[in-house]
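Okay, so here's the structure we're looking at.
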Amino acid sequence: MEEQNRSGTAGKAIRCKAAVCRNPGEPLVIEEIMVDPPKAWEIRIKILCTSLCHSDVTFWKISTGPFSLFPRIFGHEAVGVVESVGEHVEEFQEGDMVVPVFHPNCRECRDCKSQKGNGCSIFGDKLVAEMPRDGTSRFKGMNGETLHHFLSVSSFSEYTVVDVVHVVKISSEFPAEKACLLSCGISTGIGAAWKVADIEEGSTIAIFGLGAVGLAVAEGAKLRGASKIIGVDLNQEKFEIGKKFGVSDFINPTTCGEKKVSEVIKEITDGGVDYSFECIGLASLMEDAFNSSRVNWGKTVILGVEMHRTPLAIDTYFLLSGRTVTGCFFGGLKAKSDIPILAQKYLHKEINLDGFITHEVNFQDINKAFDLLLEGKCLRCIIWMD
């Protein structure tokens with residue numbers, strides 16, 4: 001306990017700054033808040049830097065329904081240092097550099113122990129608004145009001161409290177801004193290419209949506225030796241950006257005339273791609289991705305979250321002929337074992353993380369990160385706390 005109390009703040013509430021969203025779609029406001037000490041199986045983290053993901057923006061816009069909870073502290077891609085730990089925490093100690101992750105990995109349940117997927121049957125069945133074990137918040141405004149958590153991370157705060165099933169330890173020598181990228185989007189894309197699709201050398205690939213996740217899929221496909229990587233996006237500028245990550249061909253749906261995107265893809269791949277990835281979250285694009293895959297063995301991987309829950313309409317005959325469609329959270333990765341592997345591959349110069357960082361701002365300018373992402377000018381904007 002003496003080792004855990006060096007900061008002098010262990011077991012006490014901490015007053016710090018956070019970027020609070022009080023109403024959907026409104027700019028975040030930097031406010032003083034109180035962060036409670038961690039309870040059992042929780043750790044409190046001092047955030048070094050965080051970044052903005054499209055999922056933050058998606059939930060930021062939602063004005064009705066069960067996912068619309070305000071005031072709220074968004075943010076789920078980050079890296080930080082453990083400030084203090086709660087009871088029963090043995091995996092982490094004060095001073096550890098850690099990456100919080102929205103997707104749980106308890107390593108004890110049947111699903112976590114299985115190699116068939118990356119779900120967690122204890123903590124992964126639903127999106128919780130507060131802490132996963134007791135359903136309460138660790139954040140309060142200075143007037144005592146409850147501030148809601150987001151995706152079990154809430155990194156738009158100088159300090160946050162996270163359950164141990166949502167945290168991965170990483171070497172303190174690893175660059176903080178690169179570690180931040182491994183927290184969600186980039187890991188999701190690379191994992192989908194390597195673990196879910198398991199792309200082979202010489203494969204043909206189509207990627208619908210060339211945001212950070214889609215480009216991470218391209219990076220993963222390139223490193224697996226894909227022979228053709230087709231990017232599909234409405235933003236023409238994404239082709240030049242995509243080339244840095246291995247995109248060899250580009251299709252802008254607005255320039256296809258009367259042809260469907262799937263028809264164009266079939267023409268340039270002699271019948272369809274081996275692997276197709278949907279990285280936006282629209283049922284119509286999921287159908288396009290499926291129809292772009294090769295008849296006898298094409299595999300479609302869904303990464304985008306369809307917030308409208310629109311059913312996917314596909315011709316079941318094509319399933320009989322051998323095509324498959326599957327989905328994945330966090331690229332099929334098990335955070336506690338796979339993030340350290342990706343970190344090592346970066347240190348060995350096997351994967352490109354640097355190219356994803358297009359902008360950096362300080363915490364006071366966090367709303368600029370939203371502007372850049374909404375304008376389509378940004379892959380990842382690193383938001384520095386200090």
Side-chain angles (χ1 to χ4, degrees), residues 115-118 181-182 184-233 238-239 241-251 261-262 264-266 268-280 285-286 288-304 318-319 321-335 337-339 341-346 348-353 355-356:
Q115 294 304 307
K116 297 185 188 330
N118 71 333
L181 298 179
L182 296 177
C184 181
I186 312 309
S187 295
T188 295
I190 294 176
W194 288 0
K195 294 201 74 171
V196 182
D198 194 14
I199 293 170
E200 312 95 347
E201 186 174 359
S203 299
T204 54
I205 315 295
I207 304 168
F208 289 73
L210 294 181
V213 173
L215 291 173
V217 171
E219 174 72 9
K222 177 184 72 173
L223 294 173
R224 280 292 180 91
S227 62
K228 186 181 286 290
I229 302 174
I230 304 165
V232 182
D233 202 287
K238 289 293 179 73
F239 187 30
I241 297 171
K243 288 178 181 178
K244 300 174 185 177
F245 299 95
V247 175
S248 57
D249 300 78
F250 182 79
I251 298 173
V261 171
S262 58
V264 176
I265 289 175
K266 286 178 179 178
I268 63 179
T269 57
D270 189 27
V273 291
D274 300 311
Y275 300 98
S276 189
F277 298 83
E278 199 279 345
C279 304
I280 298 295
L285 283 183
M286 295 174 189
D288 285 344
F290 179 81
N291 292 329
S292 300
S293 65
R294 193 166 184 83
V295 170
N296 293 321
W297 62 72
K299 184 172 187 175
T300 301
V301 181
I302 307 300
L303 290 83
F318 292 128
L319 298 177
S321 66
R323 288 191 201 178
T324 58
V325 58
T326 187
C328 67
F329 272 127
F330 198 54
L333 300 179
K334 293 182 183 294
S337 55
D338 288 327
I339 285 181
I341 292 173
L342 292 180
Q344 282 300 309
K345 287 186 178 295
Y346 171 77
H348 294 156
K349 303 187 185 304
E350 294 178 35
I351 61 174
N352 168 25
L353 294 179
F356 289 98

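One is the number of the first residue; the rest follow in order along the sequence.
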Subject >> Contacts of type salt bridge (charged side-chain N to carboxylate O under 4.0 Å, His left out), residue D249, not counting sequence neighbours >> reply: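 For D249 the salt bridge (charged side-chain N to carboxylate O under 4.0 Å, His left out) partners, ignoring immediate neighbours, are K228.
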Is any side-chain heavy atom of [X] less than 4.5 Å from a side-chain heavy atom of [Y]?
X    : Y    : answer
M286 : T300 : no
V301 : Y275 : no
V232 : I265 : yes
W194 : L223 : yes
V325 : F318 : no

Where do [X] and [Y] come nearest, in terms of heavy atoms and distance?
X    : Y    : answer
I199 : R224 : O-NH1, 2.9 Å
K334 : N118 : NZ-CA, 3.8 Å
I186 : L353 : CG2-CD2, 3.7 Å

Subject >> side chain to side chain donor-acceptor pair (under 3.5 Å) partner of T204, chosen from D270, T269, D274 >> reply: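 Of the listed options, the one satisfying the test is D274.
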About how many Å separate [atom2] of [Y] and [atom1] of [X], when rounded to the nearest 0.5 Å?
X    : Y    : atom1 : atom2 : result
D198 : K299 : CG    : NZ    : 7.5 Å
L303 : T188 : CG    : OG1   : 7.0 Å
S276 : R323 : OG    : CZ    : 9.5 Å
I251 : I268 : CD1   : CD1   : 4.5 Å
E350 : Q344 : CD    : CD    : 9.5 Å
D338 : I190 : CG    : CD1   : 11.5 Å

**OP:** Might you confirm whether atom CD of E201 has over 12 heavy atoms from other residues, nucleotides or ligands at distances under 6.0 Å?
**Re:**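 Open: at most 12 neighbouring heavy atoms sit under 6.0 Å from CD of E201.
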Subject >> Crowding at CZ, F329 (>12 non-hydrogen neighbours, <6.0 Å) >> reply: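 Not buried by this count: 12 neighbours or fewer within 6.0 Å.
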**OP:** Look at the rings of F245 and F356 and say which category their plane angle falls in: under 30° parallel, 30 to 60° tilted, over 60° perpendicular.
**Re:**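 Tilted: the ring planes of F245 and F356 meet at 30° to 60°.
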Original post:
Can you list the steps and then say if I230 with V264 is a side-chain contact (heavy atoms from CB on, under 4.5 Å)?
Top reply: CA-CA 11 Å; I230 304 165; V264 176; over 6 Å; no
Can you tell me if [X] uses its side chain to pair, donor with acceptor, with the backbone of [Y] under 3.5 Å?
X    : Y    : value
S187 : L182 : yes
S203 : A226 : no
K266 : N291 : yes
S262 : S292 : no

For residues 207-222, tabulate all N or O donor-acceptor pairs below 3.5 Å that involve a side-chain atom, not counting sequence neighbours.
unit_1	atom_1	unit_2	atom_2	d
E219	OE1	K222	NZ	3.3
E219	OE2	N352	N	2.9

